[in-house]
Asker: 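Quick one: the structure is below, and I'll ask about it shortly.
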Protein chains: 2
Amino acid sequence: MPLNPINAPDLSTAPSTSEVIVKHLREAIIAGKLDEGEPIRQDDIAQMFKVSKIPVREALKRLEAEGLVMFQRYKGAVVTKISEPELAQMFEVRVLLEVKAVRLALPHMTEATFAQAERICQEFMDESNVGRWAELNWEFHACLYEPAQRPFLISLIRSIHDKVERYLRLQMALSDGKERADREHRAIIEACREGDADKVADMVERHLTGVCQTLYEHLPDNRYTHHG
Amino acid sequence: MPLNPINAPDLSTAPSTSEVIVKHLREAIIAGKLDEGEPIRQDDIAQMFKVSKIPVREALKRLEAEGLVMFQRYKGAVVTKISEPELAQMFEVRVLLEVKAVRLALPHMTEATFAQAERICQEFMDESNVGRWAELNWEFHACLYEPAQRPFLISLIRSIHDKVERYLRLQMALSDGKERADREHRAIIEACREGDADKVADMVERHLTGVCQTLYEHLPDNRYTHHG
DNA sequence: CAAGGTTATATTGTATACTATTTATCGACG
DNA sequence: CGTCGATAAATAGTATACAATATAACCTTG
């Protein structure tokens with residue numbers, strides 16, 4: 001018997017209510033629509049989706065494991081607040097992982113890869129919506145790493161992305177982050193075209209550490225002391 | 001007001017039922033007490049802990065995010081089966097992260113670090129319980145990385161450890177894995193004492209890739225085709 | 001007796017109901 | 001007037017109950 005001759009979708013993985021909620025909440029947190037430190041009211045979320053709070057809690061438990069929210073017993077879940085040292089550590093790991101990814105991907109890149117990356121860059125520059133920027137930013141990076149054929153590595157990078165993205169948004173909006181990102185992205189594409197692995201690795205590293213640096217400079221100093 | 005003058009514990013983080021269950025289930029999965037592919041019956045777990053299945057489900061949702069179980073709608077959660085390519089990718093990332101960790105840690109290691117590492121090695125060799133081996137193996141590695149003062153990096157390494165540990169158990173028990181691990185561990189300690197970062201990095205990398213290699217050789221070939 | 005349908009059972013997923021705990025409100029007391 | 005304590009409201013956490021679906025047992029039919 002030939003396998004899956006009609007390319008049937010996997011019905012057993014149809015999303016449950018809690019999975020739908022996970023997706024929405026994750027996007028909301030990443031987009032910075034929920035202030036960090038502010039408690040997430042289970043009943044409110046439940047009413048938004050017209051469901052009970054059971055699936056809401058299951059969704060929050062998942063997001064807790066992803067590091068996006070934190071539970072405090074009898075006080076509920078709050079959006080995780082990332083300290084500056086933690087941010088620095090995350091970028092340190094990102095550099096490590098993303099440099100590895102792009103190195104592995106480089107030999108398998110084709111003109112289609114570059115074209116796709118440039119298309120994303122263009123869309124990025126034409127876009128005015130801040131929320132979409134971050135999304136396209138990830139798409140760009142993912143596009144460069146995908147040829148590596150390392151789903152585990154990429155999912156790990158993505159999970160870190162998800163945690164820091166709402167801070168990046170800040171940085172991109174305030175400084176000339178967008179133009180700088182575009183410049184650096186296009187330069188990386190060119191380096192990839194040349195096929196010089198060391199150069200590409202160096203550029204990706206500088207790009208990421210640069211972003212981290214700007215982010216640091218634009219972080220409000222009082223994020224530890226402000227109340228309410 | 002002086003901060004926490006009596007070093008008070010944080011009572012707001014007292015574990016809820018679901019968190020207790022998470023911990024136990026996680027340990028059971030890591031220890032290989034639950035066969036991969038076999039469904040985890042929510043009511044069974046609930047009865048074991050004499051609770052309802054609500055906290056059990058929340059626990060499973062957490063473990064799903066950690067990659068230890070997978071949900072199939074209306075069929076429940078099963079222990080995640082890791083394919084050989086996935087295992088290889090995980091080790092690839094482990095090498096990357098652990099080499100980085102030990103490099104960062106090296107300059108901050110003291111004689112206390114080495115003594116502690118040696119103590120763990122000794123306990124490892126004196127131990128006959130397979131389950132305890134893996135635990136001590138992690139303790140050894142964590143001991144070497146802890147001086148790096150990179151909690152995020154170490155937690156990432158740990159999460160990968162947790163996913164592959166039940167396969168390592170297999171490998172350690174079947175081959176001369178235990179003796180070899182001890183030999184290599186002690187050699188790594190010596191290299192750390194010498195303070196030669198490149199040498200240490202190289203040894204850690206060889207150690208990990210070696211483990212992965214042996215693991216690969218001892219994996220049953222039929223793990224994709226065997227039914228029931 | 002084989003193949004396919006049909007009912008029964010088991011299991012998951014979610015809503016409702018209840019309990020435990022925290023937080024806000026308010027009054028007694030110094 | 002402020003502080004302490006009691007009470008009330010709000011919210012989290014969990015048990016029970018029920019609905020949706022899958023699996024197994026059985027039955028029908030050729």
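Remember, predicted model here, so these are calculated numbers, not experimental data. Quick note on labels: first sequence line is chain A, next is B, and so on, each numbered from 1.
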Asker: Is the side chain of B:Arg73 donor-acceptor paired with the backbone N or O of A:Pro15 at a distance under 3.5 Å, no angle test?
Answerer: yes
Asker: So, are B:Glu66 and B:Arg62 salt-bridged, with charged N and O less than 4.0 Å apart?
Answerer: yes
Asker: Please determine if A:Glu123 and A:Arg132 form a salt bridge, counting it only when a charged side-chain N lies under 4.0 Å from a carboxylate O.
Answerer: yes
Asker: Using a 4.0 Å heavy-atom cut-off, does A:Ile40 contact any base of the nucleic acid, only the sugar-phosphate backbone, or nothing at all?
Answerer: sugar-phosphate
Asker: Just compare D:dA15, D:dT11, C:dA15 and give me whichever is closest to any side-chain atom of A:Ser52.
Answerer: C:dA15
Asker: Under the 3.5 Å rule, do the base of C:dG13 and the side chain of B:Lys53 count as making a donor-acceptor pair?
Answerer: yes
Asker: For A:Ser16 and A:Glu19, test the side chains for any donor-to-acceptor distance below 3.5 angstrom and give the result as yes or no.
Answerer: yes
Asker: Which is true for A:Arg57 with a 4.0 Å heavy-atom rule: it touches a base, it touches only sugar-phosphate, or it touches nothing?
Answerer: base
Asker: Taking the minimum atom-to-atom distance to the side chain of B:Arg73, which one of C:dT16, C:dG13, C:dT11 wins?
Answerer: C:dG13
Asker: Can you tell me if A:Gln42 touches the phosphate of D:dG13, counting only side-chain N or O atoms and a distance under 4.0 Å to OP1 or OP2?
Answerer: yes
Asker: For the side chain of B:Ser16, counting heavy atoms from C-beta on, which of C:dT14, D:dT14, C:dT12 is nearest?
Answerer: D:dT14
Asker: Please state how far atom CG in A:Asp44 lies from atom C1' in D:dA10, giving the value in whole angstrom units.
Answerer: 11 Å
Asker: What's the closest nucleotide to the side chain of B:Lys75 if the choices are C:dT14, D:dA22, C:dT22?
Answerer: D:dA22
Asker: How close or far is atom P of C:dT21 from atom CZ of A:Phe71, stated in whole angstroms?
Answerer: 17 Å
Asker: Choose from D:dT11, D:dA20, D:dT14 the nucleotide whose nearest atom is closest to any side-chain atom of B:Tyr74.
Answerer: D:dA20
Asker: How close or far is atom P of C:dT16 from atom CG of A:Asp43, stated in whole angstroms?
Answerer: 12 Å
Asker: Whole-Å distance between D:dC18 P and A:Ile54 CD1?
Answerer: 16 Å
